[in-house]
Amino acid sequence: MSASDDSLHLTATDLRMATFRLARRLRCARAADMMSDTQLAVLADLRMNGRRTISTLAERERVTAPSMTSIVNGLEEQGYVARTPDEDDRRRVQVDITPAGVEIVVETIRRRDVLLADMLREVEYTEEELATLREASALMRRAVER
């Protein structure tokens, strides 16, 4: 039996509001204060998926290639990424994350996990409620990973 339109709309509204507020709080926790959300997202993508072209990074972040070039330039200046010529097409450039870039991603994830764990601790959820939150997060991932 599928959910009614009213139930879907109400759930969507509640989830949007809760995730927006949570994301806002978590975005404040980062290892590099002057790094933009997009720069951090690029580093996280490179860490997870490996070497990428600027056009692939631009598509993933839904920005133009010139905008991504600017983002990559900033990350390169800070030592977080390195460019290498493509082995098959010398006109193309591949972008790799550096060890310093990996450190930024790992530390930002750690800080955000600590912040969220502290937030959950303050509410004093029961083990059953925490299990419900884990189940809900799995359901939310299903929606966004389609």
Side-chain angles (χ1 to χ4, degrees), residues 2-3 5-123 125 129-146:
S2 64
D5 285 346
D6 286 345
S7 179
L8 285 172
H9 182 73
L10 180 61
T11 302
T13 298
D14 288 348
L15 282 173
R16 177 186 48 76
M17 290 172 50
T19 55
F20 178 77
R21 291 182 70 197
L22 177 60
R24 229 164 103 198
R25 296 254 327 253
L26 292 177
R27 273 197 305 268
C28 293
R30 61 181 74 199
D33 291 334
M34 300 306 291
M35 185 171 288
S36 72
D37 291 336
T38 305
Q39 286 176 314
L40 189 57
V42 167
L43 289 178
D45 184 291
L46 291 170
R47 178 176 179 253
M48 184 181 307
N49 299 303
R51 175 183 295 189
R52 301 276 199 166
T53 63
I54 290 193
S55 59
T56 300
L57 290 169
E59 286 174 22
R60 300 267 304 158
E61 291 305 312
R62 296 188 174 135
V63 299
T64 65
S67 292
M68 184 54 66
T69 298
S70 177
I71 292 163
V72 168
N73 287 345
L75 290 170
E76 187 176 36
E77 287 171 14
Q78 297 172 74
Y80 298 136
V81 300
R83 296 174 199 238
T84 55
D86 188 281
E87 295 164 5
D88 299 325
D89 182 350
R90 301 301 265 175
R91 295 169 295 173
R92 264 194 328 194
V93 173
Q94 297 283 337
V95 180
D96 282 311
I97 191 168
T98 65
V102 171
E103 284 181 36
I104 289 291
V105 174
V106 169
E107 179 59 17
T108 297
I109 290 169
R110 187 196 68 75
R111 288 180 186 195
R112 289 177 177 180
D113 285 350
V114 166
L115 174 61
L116 185 52
D118 288 346
M119 291 166 58
L120 295 173
R121 188 175 297 107
E122 286 177 21
V123 176
Y125 287 112
E129 289 171 321
L130 290 173
T132 299
L133 285 173
R134 286 191 298 275
E135 290 171 17
S137 68
L139 293 173
M140 289 176 68
R141 266 194 312 279
R142 261 182 41 203
V144 299
E145 291 175 354
R146 297 193 86 201

Would you say that [X] contacts [Y] through its side chain, given a criterion of any heavy-atom pair below 4.5 Å between the two side chains?
| X | Y | answer |
| --- | --- | --- |
| Leu57 | Leu46 | yes |
| Asp37 | Arg30 | yes |
| Arg16 | Thr13 | yes |
| Thr84 | Arg51 | yes |
| Leu43 | Leu75 | yes |
| Asn49 | Arg52 | yes |
| Val93 | Thr53 | no |
| Met68 | Val72 | yes |

Show your reasoning for whether side-chain contact (heavy atoms from CB on, under 4.5 Å) applies to Val95 and Thr56. CA-CA 10 Å; Val95 180; Thr56 300; over 6 Å; no

Residues Ser67 and Ser70: side-chain donor-acceptor under 3.5 angstrom: no

Using distance alone, with no hydrogens and no angle criterion, decide if Thr38 and Ser36 have a side-chain donor and acceptor under 3.5 Å apart. no

Given side-chain contact (heavy atoms from CB on, under 4.5 Å), test Ile97 with Val105 step by step and report yes or no. CA-CA 10 Å; Ile97 191 168; Val105 174; 4.2 Å; yes

Has Asp5 got more than 12 heavy atoms of other residues, nucleotides or ligands less than 6.0 Å from its CG? no

Neighbour count above 12 (heavy atom, 6.0 Å) for Arg27 CZ: yes

Minimum heavy-atom separation for [X] to [Y], with atom names?
| X | Y | result |
| --- | --- | --- |
| Ile109 | Arg47 | CD1-NH1, 3.9 Å |
| Thr69 | Arg83 | O-NH2, 3.8 Å |
| Ile104 | Ala31 | O-CB, 3.7 Å |
| Ala32 | Tyr80 | CB-OH, 4.5 Å |
| Ala29 | Arg112 | O-NE, 2.7 Å |

Quick check for you: to the nearest 0.5 Å, what is the distance between [X] atom [atom1] and [Y] atom [atom2]?
| X | Y | atom1 | atom2 | answer |
| --- | --- | --- | --- | --- |
| His9 | Thr11 | NE2 | OG1 | 10.0 Å |
| Ile71 | Met35 | CD1 | CE | 11.5 Å |
| Glu76 | Asp96 | CD | CG | 11.0 Å |
| Met119 | Tyr125 | CE | OH | 8.5 Å |

Presence of salt bridge, Arg110 and Asp113, under 4.0 angstrom: no

For Met34 and Gln78, what are the C-alpha separation, side-chain angles and deciding distance, and is it a side-chain contact (heavy atoms from CB on, under 4.5 Å)? CA-CA 11 Å; Met34 300 306 291; Gln78 297 172 74; 5.9 Å; no

For residues 131-142, run the donor-acceptor check on the side chains, cut-off 3.5 Å, and write out each pair with its distance to 0.1 Å, sequence neighbours left out.
{"unit_1": "Thr132", "atom_1": "OG1", "unit_2": "Glu128", "atom_2": "O", "d": "3.1"}
{"unit_1": "Ser137", "atom_1": "OG", "unit_2": "Arg134", "atom_2": "O", "d": "2.8"}

Go through the steps for Arg111 and Thr108 under the test side-chain contact (heavy atoms from CB on, under 4.5 Å), then give the verdict. CA-CA 5 Å; Arg111 288 180 186 195; Thr108 297; 5.8 Å; no

